[in-house]
Novice: 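Structure incoming, see below.
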Amino acid sequence: MSTQEPPDLYRDTYVRYLGYANEVGEAFRALVHVNAVRFSYVVACSYVMADANHKGQIAAKKSDESNVTKNRMIAMADTVVWQGLASVAIPGFTINRLCAGTNYLLKKTASLPVGVRRWTTTFVGLGYKHDWCK
């Protein structure tokens, strides 16, 4: 009989890629309406909140009756803070600035058509996230 825990839906399956939605949105910012980028943040933040709820449920199940709420809240806060930073805030800001800088440099130094410049900026933003296949 195996004592191995089942895989974590939010970390060990393809659901984890929902946390990358805002990064893709930021990369495509030069090509799509701003509402598409905003929606990508809604998807990524929803993923973070669902993962936090899941981690809270696990903590509650492992707790004795006197500490259920406390342990659930701690697990949820920990997940929101760290997943929020690691999945949404830091990569989103980094890709946003990388794409803005790339677009600025291409506009000032290269005589590329607007469409080529925008697609180049998008590919640079998409290329930033090099560990998608892990």
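All values reported here derive from a predicted model rather than from experimental measurement. Just so you know, these numbers use all the heavy atoms, side chains as well, and skip hydrogens, waters and symmetry mates.
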Novice: Taking atom CZ of R11 and atom NE2 of H54, what is their separation to the nearest 0.5 Å?
Specialist: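 Reported to 0.5 Å precision, the distance equals 9.5 Å.
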
Novice: Is the shortest heavy-atom distance from the side chain of D64 to the side chain of N67 under 4.5 Å?
Specialist: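 In contact.
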
Novice: What about F39 and L18, same hydrophobic cluster or not, with Ile/Leu/Val/Met/Phe/Trp/Tyr joined at side-chain heavy-atom distances under 4.5 Å?
Specialist: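 Hydrophobic grouping puts F39 with L18.
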
Novice: Do the non-hydrogen side-chain atoms of V88 and Y41 ever get within less than 4.5 Å of each other?
Specialist: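 Yes. Closest side-chain heavy atoms under 4.5 Å.
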
Novice: Which residues pass the side chain to side chain donor-acceptor pair (under 3.5 Å) test with T109, sequence neighbours left out?
Specialist: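 T109: no side chain to side chain donor-acceptor pair (under 3.5 Å) contacts found.
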
Novice: Check the pair E23, L126 against side-chain contact (heavy atoms from CB on, under 4.5 Å), reporting the backbone distance first and the verdict last.
Specialist: CA-CA 8 Å; E23 298 170 40; L126 289 173; over 6 Å; no

Novice: Are L9 and W82 connected into the same hydrophobic cluster when the rule is that any two of I, L, V, M, F, W, Y join if their side-chain heavy atoms are below 4.5 Å apart?
Specialist: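 Different clusters.
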
Novice: Just how far is it from atom SG of C99 to atom CG of L31, taken to the nearest 0.5 Å?
Specialist: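 Nearest 0.5 Å value for the SG-CG distance: 9.5 Å.
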
Novice: Decide yes or no for R72 and N53: does some side-chain heavy atom of the first lie under 4.5 Å from some side-chain heavy atom of the second?
Specialist: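 R72 vs N53: side chains touch.
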
Novice: Ignoring hydrogens and angles, tell me if any N or O in the side chain of N71 forms a donor-acceptor pair with the backbone of A59 under 3.5 Å.
Specialist: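 The answer is no, because no donor-acceptor pair under 3.5 Å joins these two groups.
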
Novice: So, do N35 and R38 sit near enough that their side-chain heavy atoms are less than 4.5 Å apart?
Specialist: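 When only atoms from C-beta onward are counted, R38 and N35 do touch, with a gap below 4.5 Å.
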
Novice: Check the hydrophobic clustering (I, L, V, M, F, W, Y; side-chain heavy atoms under 4.5 Å; chains of links allowed) and say if V81 and I90 are grouped together.
Specialist: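 Result: yes, single cluster for both.
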
Novice: Could you tell me the separation between the CG atom of L105 and the OG1 atom of T121, rounded to the nearest 0.5 Å?
Specialist: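 If we round to the nearest 0.5 Å, L105:CG and T121:OG1 are 9.5 Å apart.
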
Novice: Flag the pair D12 and R16 as a salt bridge only when some basic side-chain nitrogen lies within less than 4.0 angstrom of an acidic carboxylate oxygen.
Specialist: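 Looking at R16 together with D12, the answer is no, because their closest N to O distance does not fall below 4.0 Å.
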
Novice: Given N103, which partner from the list K108, R29, R117 fulfils the side chain to side chain donor-acceptor pair (under 3.5 Å) test?
Specialist: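 By the side chain to side chain donor-acceptor pair (under 3.5 Å) criterion, N103 pairs with just one of K108, R29, R117: R117.
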
Novice: Give me the atom names and distance for the closest heavy-atom approach of S40 to A21.
Specialist: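 Where S40 meets A21 most closely, the heavy atoms are CB-O, 3.2 Å.
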
Novice: Checking F28 against V37 for the side-chain contact (heavy atoms from CB on, under 4.5 Å) test, could you report, in this order, the C-alpha distance in whole Å, the side-chain angles of both residues, the deciding distance, and whether it holds?
Specialist: CA-CA 8 Å; F28 277 91; V37 178; over 6 Å; no

Novice: Any chain of hydrophobic side-chain contacts (each under 4.5 Å) joining V43 to V15?
Specialist: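 Yes, same cluster.
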
Novice: Is a side-chain N or O of Y47 found less than 3.5 angstrom from the main chain of S87, in a donor-acceptor match?
Specialist: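 No: the side chain of Y47 does not pair with the backbone of S87.
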
Novice: Please name all residues satisfying ring-ring contact (aromatic ring centres under 6.0 Å, His included) with F123, sequence neighbours left out, ordered by chain then number.
Specialist: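 By the ring-ring contact (aromatic ring centres under 6.0 Å, His included) rule, F123 matches W119.
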
Novice: Has T122 got a side-chain atom pairing as donor or acceptor with A27's backbone, closer than 3.5 angstrom?
Specialist: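 Such a contact is found between T122 side chain and A27 backbone.
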
Novice: So, applying side chain to side chain donor-acceptor pair (under 3.5 Å) with K55, which one of T79, D8, D78 is it?
Specialist: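 Exactly one option meets the side chain to side chain donor-acceptor pair (under 3.5 Å) with K55, and it is D8.
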
Novice: Indicate if L106 and Y104 have the same hydrophobic cluster label, given that clusters are the connected sets of ILVMFWY residues with side-chain heavy-atom separations under 4.5 angstrom.
Specialist: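 No, separate clusters.
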
Novice: Angle class for the Y17/Y14 ring planes (parallel below 30°, perpendicular above 60°, tilted otherwise)?
Specialist: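 Geometry flag for Y14 against Y17: parallel rings.
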
Novice: Do E26 and R97 come close enough that some side-chain heavy atom pair is under 4.5 Å?
Specialist: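 No, their side chains stay 4.5 Å or more apart.
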
Novice: Using every non-hydrogen atom in the two residues, find where N22 and G92 come nearest and quote the distance to one decimal.
Specialist: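 Looking at all heavy atoms of both residues, the shortest contact is ND2-CA, 3.7 Å.
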
Novice: Looking at CD of Q83 and CE of M49, how far apart are the two atoms once the value is rounded to the nearest 0.5 Å?
Specialist: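 With rounding to 0.5 Å, CD (Q83) is 11.5 Å from CE (M49).
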
